[in-house]
Amino acid sequence: MTAKGDRGGGGQRYVALDSLRGIAACLVVIFHMPSDGRMWGTAFVQHGFLAVTFFFVLSGFVIGATYGERLGTGFPVRRFMLLRLGRIYPLHLFAIAVIFAWEILRLITGWPAFREGAAFTGNTDLGQLPYNILLLQKFAPYVNWNRPSWSIGIEWWTYLIFAVTIAGLGFRRKLYPTAALLIVPAIIARLLRIDPESGVGATIDCMMNFGLGLIVYQLHTAFRGGRHDARLGRGVATVLEAATMILAVWLVSAFGGRLSPAIAPAFALVVAVFSLERGLVSRLLVVRPMLLLGELSYSIYMIHQFILDRGFDLLGLAASGGSPLPRPHMEGRIVLTGDPVACDLYILAMLLIVIALSWFSYRVIETPARLWSRRLVNHGRSAKVTPPDPTAAF
């Protein structure tokens, strides 16, 4: 998911957006550890699943910045899709391989797993494996192996729809028509009451959010270098950044009411404001620790569920021995019960473990596989005609 910053068509890095993506990935990790703690008691954390919507909007922005004009002026769709596949698939396949190896180990040793039943049943049913390998997780009858990866699957198909649309119709430098064609199906789906949780419904929603990101990028290019851009000082930019973040946090916290449809536009506004990187909030987002989170964000997102599940396994064993640690219970999903402070400390500890292991997967799996796949796809072609690889924003 990261190549050290997203780059626009002119080579600009949107590093503040990188950091926001890293923060959103960490929010997803915390969301997947419901507990009695005070942290999980906040509405903002309980609605952490909305971070995926932010990823889709951001993806439209960075893909539009890197490939929009190129695809509209002859960049091969096949090459674009291969570059995208090389970006998202190696770590996805690695996660599946790790889960498969774990299930083999359980089959041999009889080792218990708190979430799963017998090996290769339930979440890891072998019948679901082809859906995962073909990036069709959301179309599978049951929950997919690496549960967060469903979003990678539907984003892959959104890439294809975007590329075919813009290349086939030759919209050149203007992304608005392409964005409109991606957004209109969502309006139709709501009129037809298509289930947003289905594979079709989720893909249509991804297309809509991706389209919003394309619009933001088109507006961004129109604003940059203009007279209004020159007048935007640090003070005004700081106020805009703070107000935008407050609005987004409030809307996420209030999700479920009448203002819920405003979530995606609010995220689009966040992307628009922070892509300028003018205010003091942006300056806080571009310090090295925050940029590191941005670099690791794809790894954080893709490997965290397996790590959390193994933590739940250990907690279950510890609880049987009378440990004072939080106790996991199945209530449709795993919920940690116990002392609120202990729950919060456990969540923070697991988050740090996920980040540390994500650094390992980023260095050992993600980055080498990305560079190898780009060399393979670009074999015999000049590096000058190959756009920098943007971060895969889920």
Report yes if the side chains of Arg84 and Tyr89 come closer than 4.5 Å at any heavy-atom pair, otherwise no.
no
Please tell me if the side chains of Arg327 and Leu315 come closer than 4.5 Å, counting only heavy atoms from C-beta onward.
no
Anything under 30° is parallel, anything over 60° is perpendicular, the rest tilted; go ahead and classify His304 against His32.
parallel
When you compare the side chain of Phe255 with that of Leu50, does any pair of heavy atoms fall below 4.5 Å?
yes
Heavy-atom side-chain proximity of Asp344 to Arg38 below 4.5 angstrom
yes
ring-ring contact (aromatic ring centres under 6.0 Å, His included): which pairs involve residues 190-215, sequence neighbours left out?
Phe162-Phe210
Is the backbone N or O of Leu85 less than 3.5 Å from a side-chain atom of Tyr159, with the two atoms forming a donor-acceptor pair by type?
no
Can you find a pair of side-chain heavy atoms, one from Asp36 and one from Leu336, that are under 4.5 Å apart?
no
In Arg363, Arg370, Arg288, the residue satisfying salt bridge (charged side-chain N to carboxylate O under 4.0 Å, His left out) with Glu295 is Arg288
Do Asn378 and Arg79 come close enough that some side-chain heavy atom pair is under 4.5 Å?
yes
Among all residues two or more places apart in sequence or in another chain, which pass the side chain to side chain donor-acceptor pair (under 3.5 Å) test with Gln128?
none
For Pro130 versus Leu126, what's the shortest heavy-atom pair and its separation?
CD-O, 3.5 Å
Nearest-0.5 Å distance, CG of residue Leu214 to CG of residue Asn209
11.0 Å
State, yes or no, whether a side-chain contact exists between Trp157 and Cys206 at a heavy-atom distance under 4.5 Å.
no
Under the criterion side chain to side chain contact (heavy atoms under 4.5 Å, CB included), I'd like the reasoning laid out for Thr238 against Arg283: C-alpha separation, chi angles, the key distance, then a yes or no.
CA-CA 10 Å; Thr238 299; Arg283 290 176 68 88; over 6 Å; no
So, does Asp125 use its side chain to make a donor-acceptor pair with the main chain of Thr121 at under 3.5 Å?
no
Residues forming a side chain to side chain donor-acceptor pair (under 3.5 Å) with Asn144, sequence neighbours excluded
Ser149
Are Met39 and Leu348 packed together at the side-chain level, in the sense that at least one heavy-atom pair is separated by less than 4.5 angstrom?
yes
So if you build clusters from Ile, Leu, Val, Met, Phe, Trp, Tyr with side-chain heavy-atom gaps below 4.5 Å, do Leu20 and Ile30 land together?
yes
Partners passing ring-ring contact (aromatic ring centres under 6.0 Å, His included) against Phe360 (at least two apart in sequence or in another chain):
none
Can you tell me if Asn146 uses its side chain to pair, donor with acceptor, with the backbone of Met302 under 3.5 Å?
yes
If only atom types and distance count, is the side chain of Trp111 paired as donor or acceptor with the main-chain N or O of Leu105 below 3.5 Å?
no
Closest approach of Arg106 to Ala118 (non-hydrogen atoms, all atoms of both residues):
NH2-C, 3.9 Å
Look only at the side chain of Glu366 and the backbone of Ser361, and say whether a donor-acceptor pair between them is shorter than 3.5 Å.
no
What is the minimum heavy-atom distance between Gly37 and Cys343, and which atoms define it?
N-CB, 3.7 Å
Between Tyr298 and Tyr362 (judged by ring centroids, cut-off 6.0 Å), do the two rings come close enough to count as a pair?
no
Looking only at atom types and distance, does a side-chain atom of Thr66 sit under 3.5 Å from a main-chain N or O of Ile63, one as donor and one as acceptor?
no
Within the 6.0 Å centroid threshold, strictly below: His47 and Phe31:
no
Taking all non-hydrogen atoms of both residues, which atom of Leu284 and which atom of Met290 are closest, and how far apart?
O-CG, 3.5 Å
From Arg70 CZ over to Phe75 CZ, what is the distance, rounded to the nearest 0.5 angstrom?
7.5 Å
All ring-ring contact (aromatic ring centres under 6.0 Å, His included) counterparts of Phe100, not counting sequence neighbours:
Phe120
Salt bridge (charged side-chain N to carboxylate O under 4.0 Å, His left out) involving Arg190 - partner list, sequence neighbours excluded:
Asp205
By side chain to side chain donor-acceptor pair (under 3.5 Å), which residues pair with Thr53, not counting sequence neighbours?
none
Is a side-chain N or O of Gln46 found less than 3.5 angstrom from the main chain of Trp40, in a donor-acceptor match?
yes
For Arg234, the salt bridge (charged side-chain N to carboxylate O under 4.0 Å, His left out) test, sequence neighbours excluded, returns none
Please answer whether the main-chain N or O of Gly294 pairs with a side-chain N or O of Ser297 as donor and acceptor at a distance below 3.5 Å.
yes
If we ignore hydrogens and angles and just use 3.5 Å, is the side chain of His92 paired with the main-chain N or O of Asn132 as donor and acceptor?
yes
Starting from Leu160, can I reach Leu82 by hopping between I/L/V/M/F/W/Y residues whose side chains sit under 4.5 Å apart?
yes
Please lay out, stage by stage, how Tyr301 and Ser151 fare under the test side chain to side chain donor-acceptor pair (under 3.5 Å).
CA-CA 10 Å; Tyr301 186 78; Ser151 64; 2.8 Å; yes
Which residue pairs satisfy the ring-ring contact (aromatic ring centres under 6.0 Å, His included) criterion with at least one member in residues 257-291, sequence neighbours excluded?
Phe54-Phe267
Between Thr203 (side chain only) and Gly199 (backbone N and O only), is there a donor and an acceptor less than 3.5 Å apart?
yes
Provide the closest heavy-atom pair for Trp359 versus Leu292 in the form atom of the first, atom of the second, distance.
CD1-CD1, 4.4 Å
Phe139 and Tyr131 aromatic centres sub-6.0 Å:
no
Those residues that, when tested against Asp309, pass salt bridge (charged side-chain N to carboxylate O under 4.0 Å, His left out) (two or more places apart)
Arg115, Arg147
For Arg310, what residues pass the side chain to side chain donor-acceptor pair (under 3.5 Å) criterion, not counting sequence neighbours?
Asp313
Decide side chain to side chain contact (heavy atoms under 4.5 Å, CB included) for Arg87 and Ser373; before the verdict, give the C-alpha distance in whole Å, the side-chain angles of both, and the deciding distance to 0.1 Å.
CA-CA 8 Å; Arg87 189 65 192 88; Ser373 65; over 6 Å; no
Tell me which donor-acceptor pairs under 3.5 Å the side chains of residues 242-254 have, and how far apart each pair is, sequence neighbours excluded?
residue	atom	partner	partner atom	Å
Thr244	OG1	Leu240	O	2.6
Ser253	OG	Val249	O	2.9

